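Hydrogens, waters and symmetry mates play no part in the numbers below; they use all other heavy atoms, side chains included. Bear in mind that the values here come from a model prediction, so they are computed numbers and not experimental data. Counting starts at 1 for both ligands and their atoms, in listed order.
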Amino acid sequence: MPHITLQGQRALVTGANSGIGKAVAIALAEAGAKVVVNYVSSEQRANKVVETIKKNGGDAIAIHADVSKEEQVQQMFKQMIDAWGSIDILVANAGVQRDADFIDMTLQQWQFVMDVNLTGQFLCCREAAREFVRRGVDPKLSCSAGKIICMSSVHEVIPWAGHVNYATSKGGVNMMMQSIAQEMAGKKIRVNSISPGAISTPINTSAWNTPEAESELLKLIPYQRVGKPQDIARAAVWLASDDSDYVTGTSMFVDGGMTLYPGFREGG
Ligand code: NAI
Ligand code: BGC
């Protein structure tokens, strides 16, 4: 994407020491943004992402915070703003699965997934929006006052047996994203989601890491390949840039056609 530039902009990516978040952080930096690499565990992996970005000529810092904890999220934003003055781009990416059959699902499994996937995004979106409103548009950087990208999932629309907590959290992310977008558009803040299909990362290793599992998974993907974190990273760079300036309140499905009901290719 050589023509896209995020030069001078400051981005925060949650859960950026693994999988999709890591690819997004690296791609935003390649497009010129300074990036906060948020992590909750493995500082070492976060530092490696920072190193990669710096080796590529970019700028990054690693900041620890559990996105489900209000004080830690506020402290992370404070640290970022103290270091770089403000924030222009938030990618609320951190997410977890705690899978269980519905009748066996514990309240703890339900609550943990809600706390990270939904409350965690709420807390980060709110802190980012507060700073965007405080600062307003800086036309030297972007024609909007700030951009928020929520990492949702195809499971914001595809029901998912055995994953009721996760699918519910992503359905919630969709409505939260649209409601924030509606409320904040007048302040020139854009809010969108990316809804990935199956992307090979540590969250779903067992779904793609054997030939048998991969061939089962491909039955759900018309485009006939499992997604890569970079597929999502490219979409994130575009949504963060002024090239998507008229796009707000949208969920962009990056899923190789998973939401096209491939079971209906025959029959129906
Ligand atoms: P991953 O497991 O590699 O990454 C998740 C990241 O979130 C890790 O860095 C983890 O440490 C971090 N995290 C978890 N709890 C946290 C907390 N309380 N505070 C801060 N960070 C926390 O998995 P992946 O696939 O990269 O997931 C990233 C996002 O993409 C998640 O929101 C997931 O739901 C979403 N997603 C993933 C898909 C896939 O097929 N891999 C498909 C659709 C959505
Ligand atoms: C889940 C993955 C899954 C993908 C497609 C994502 O939201 O985190 O585990 O492979 O959706 O079903």
J.: Hey, quick one: are Leu239 and Ile87 part of the same hydrophobic cluster, counting side-chain heavy atoms closer than 4.5 Å, chains of contacts allowed?
T.: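 Unlinked, Leu239 and Ile87 end up in two clusters.
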
J.: What residue and atom, counting heavy atoms only, is the protein's closest point to atom 4 (C) of ligand 2, and at what distance?
T.: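 In this structure, atom 4 (C) of ligand 2 has Gly197 O, 3.8 Å as its nearest protein heavy atom.
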
J.: Heavy atoms only: give me the nearest Lys228-Ile199 pair and the separation to one decimal.
T.: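 So the two residues come closest at C-CG2, 3.4 Å.
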
J.: Compute whether any side-chain donor of one residue and acceptor of the other, for Lys147 and Ser142, lie under 3.5 angstrom apart.
T.: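 Yes, Ser142 and Lys147 have a side-chain donor paired with an acceptor closer than 3.5 Å.
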
J.: Find all atoms of ligand 2 within a distance of less than 4.0 Å from any non-hydrogen atom belonging to Ser153, and give their numbers and elements.
T.: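 So the answer, numbered in order with elements, is 6 (C), 7 (O), 11 (O).
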
J.: Among all protein heavy atoms in this structure, tell me which lies nearest to atom 11 (O) of ligand 2, with the distance rounded to 0.1 Å.
T.: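 The answer is His155 CD2, 3.2 Å.
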
J.: Side chains of Asn174 and Gln178: any donor to acceptor distance under 3.5 Å?
T.: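 Checked: Gln178/Asn174 side chains pair up, N/O donor to acceptor below 3.5 Å.
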
J.: May I ask you to identify the nearest protein heavy atom to atom 10 (O) of ligand 2, giving residue, atom name and distance to one decimal place in Å?
T.: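 I find the closest protein heavy atom is Asn204 ND2, 3.1 Å.
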
J.: Considering distance alone, does some N or O of Trp160 sit under 3.5 Å from an N or O of ligand 2?
T.: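 There is no such contact.
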
J.: Do you know which two heavy atoms are closest between Gln109 and Met105, and how far apart they sit?
T.: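 In terms of heavy atoms, the two residues are closest at OE1-CA, 3.4 Å.
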
J.: Judged by modelled atom types alone, do Arg190 and Ser144 share a side-chain donor-acceptor pair under 3.5 Å?
T.: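 Note: Arg190 and Ser144 side chains miss the donor-acceptor criterion.
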
J.: I need the contact type for Gln97 against ligand 2. Using non-hydrogen atoms and a strict under-4.0 Å cut-off, is it side chain, backbone, both or neither?
T.: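 It is the side chain that touches ligand 2; the backbone stays farther off.
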
J.: How close do Ala94 and Gly15 get, heavy atom to heavy atom, and via which atoms?
T.: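 Heavy atoms only, the tightest pair is CB-N, 3.9 Å.
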
J.: At a heavy-atom distance under 4.0 Å, which protein residues reach ligand 1? Sort them by chain and number, would you?
T.: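 Within the 4.0 Å shell of ligand 1, which is judged on heavy atoms, sit Gly15, Asn17, Ser18, Gly19, Ile20, Asn38, Val40, Ala65, Asp66, Val67, Asn93, Ala94, Gly95, Val96, Val116, Met151, Ser152, Ser153, Tyr166, Lys170, Pro196, Gly197, Ala198, Ile199, Thr201, Pro202, Ile203, Asn204.
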
J.: Salt bridge or not for Lys219 and Glu216, using N-O below 4.0 Å?
T.: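 Yes, this pair counts.
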
J.: Give the residue, atom name and distance (to 0.1 Å) of the protein heavy atom nearest atom 6 (C) of ligand 2.
T.: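 Atom 6 (C) of ligand 2 sits closest to the protein heavy atom Tyr166 OH, 3.5 Å.
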
J.: Taking Asn17 for its side chain and Arg45 for its backbone only, find out whether a donor-acceptor pair lies under 3.5 Å.
T.: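 Such a contact is absent between Asn17 side chain and Arg45 backbone.
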
